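Comments concern the structure below.
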There are 2 protein chains.
Amino acid sequence: MEIFLETVSALNDETRVKLLAFLDQHGPLCVCDLQSSLGMIQSRLSRHLKILKDGGFLRVDRCGTWAYYSIRTPLDRFRSEALAEIRCLGIELPPLIKISETGDCKI
Amino acid sequence: MEIFLETVSALNDETRVKLLAFLDQHGPLCVCDLQSSLGMIQSRLSRHLKILKDGGFLRVDRCGTWAYYSIRTPLDRFRSEALAEIRCLGIELPPLIKISETGDCKI
DNA sequence: ACAATATATCAAGATATGTTGATTTAATAG
DNA sequence: CTATTAAATCAACATATCTTGATATATTGT
């Protein structure tokens with residue numbers, strides 16, 4: 001029950017749904033690029049990314065000081081159905097604005 | 001987006017997940033029988049049933065003063081996947097205690 | 001070691017959600 | 001019409017969640 005509710009409550013926020021849609025569209029992105037693209041302050045973004053990660057939707061790959069977040073694969077049935085539902089919403093997303101200079105990081 | 005969030009937030013509560021599981025197991029039940037079975041006070045139950053109905057999970061059939069709630073059919077993909085997930089949780093449910101004397105109501 | 005950058009966490013206040021008991025609405029029986 | 005029962009709604013309070021700015025941690029470059 002706890003895990004189910006953690007999964008569901010991760011979905012229960014407009015900001016997080018948009019984040020999932022954006023990462024679904026653009027693949028692995030570091031926090032600062034999400035910040036510049038979505039116009040969110042860093043602590044807010046970091047919080048929501050953690051909730052999505054704990055909810056089983058995202059993975060993080062660290063490279064130096066950067067943290068790359070992306071949709072976790074494979075997703076289980078329920079989570080991938082949720083993602084499919086989010087795709088169907090046709091959410092309007094802002095363009096990707098990359099500000100990171102990632103040097104050797106090849107993610 | 002609004003409808004999706006309404007659907008998700010309907011799932012985002014332990015009481016409502018148990019209610020779904022109970023109705024899934026026992027079929028159409030009136031509020032008073034849910035009350036006696038689940039040991040919840042009436043206003044609380046009524047609130048959660050409304051949220052589940054508005055979230056697209058339940059239907060109501062009225063018969064006299066009784067209101068019979070049951071899982072709506074057919075459920076769309078996302079909702080039925082959610083229900084399948086809830087079935088998999090193996091939630092321990094209390095026994096059904098019927099207190100209603102429904103006269104002509106044949107639901 | 002020190003400074004700079006990226007990210008995570010914390011504390012405080014604002015907003016939303018859940019619980020309870022009281023009240024209201026609606027249908028039925030006398 | 002009045003009383004009774006089932007269910008819905010309301011108001012007040014308690015709890016949880018979200019936002020923000022400040023601070024902490026961690027890695028890299030000098």
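Every chain is numbered from 1, with letters handed out A, B, ... down the list of sequences. Source: prediction; values computed, not measured.
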Return the value, rounded to whole Å, for the distance between atom CZ of A:R62 and atom C1' of C:dT5. 15 Å

Closest to the A:S46 side chain: C:dA6, C:dG21, C:dT7? C:dT7

Between B:Q42 (CD) and C:dG21 (C1'), how many Å, whole number? 11 Å

Parallel, tilted or perpendicular, judged at 30° and 60°: which one describes the rings of A:F78 and B:F78? parallel

Check nucleotides 13-19 of chain C against the protein and report each pair of N or O atoms closer than 3.5 Å, with its distance, or say if there are none.
residue, atom, partner, partner atom, Å
C:dG18, OP1, B:D13, OD2, 3.4
C:dG18, OP1, B:R16, NH1, 3.2
C:dG18, OP1, B:R16, NH2, 2.9
C:dG18, OP2, B:R47, NH1, 2.8
C:dG18, OP2, B:R47, NH2, 3.3
C:dT19, OP1, B:R44, NE, 3.4
C:dT19, OP1, B:R44, NH2, 3.2
C:dT19, OP2, B:R44, NE, 3.4
C:dT19, OP2, B:H48, NE2, 2.5

Is B:R87 reaching over with its side chain to a backbone N or O of B:A82, donor-acceptor style, under 3.5 angstrom? no

Rounded to whole Å, how long is the line connecting atom CG of A:D61 with atom C1' of C:dT7? 15 Å

Under 3.5 Å, is there a donor-acceptor pair between the side chain of B:N12 and the main chain of A:V8? no

Side-chain touch B:R72/B:F57, heavy atoms, less than 4.5 angstrom: no

Judged by nearest nucleotide, the residue sitting upstream toward the 5' end of DNA chain D, B:V60 or A:G64, is B:V60

With a strict under 4.0 Å distance from non-hydrogen atoms of chain B, what nucleotide opens and what nucleotide closes the contacted stretch of DNA chain D, reading 5' to 3'? D:dA6 to D:dT9

Between C1' on C:dA8 and CG on A:L45, what's the gap in Å once rounded to a whole number? 12 Å

Which residue pairs pass the side-chain hydrogen bond (donor to acceptor under 3.5 Å, both in side chains) test when at least one of the two sits in residues 35-46 of chain B, sequence neighbours left out? B:T15-B:R44

Distance-only, no hydrogens or angles: does the B:R16 side chain make a donor-acceptor pair with backbone N or O of B:S9 under 3.5 Å? yes

Step-by-step salt bridge (Lys or Arg N to Asp or Glu O under 4.0 Å) determination, B:E14 to B:K18: CA-CA 6 Å; B:E14 184 164 349; B:K18 281 185 186 161; 3.6 Å; yes

In terms of hydrophobic clusters joined by side-chain contacts under 4.5 Å, are B:L19 and B:W66 together? no

Any side-chain N or O of A:Y69 under 4.0 Å from OP1/OP2 of C:dA8? yes

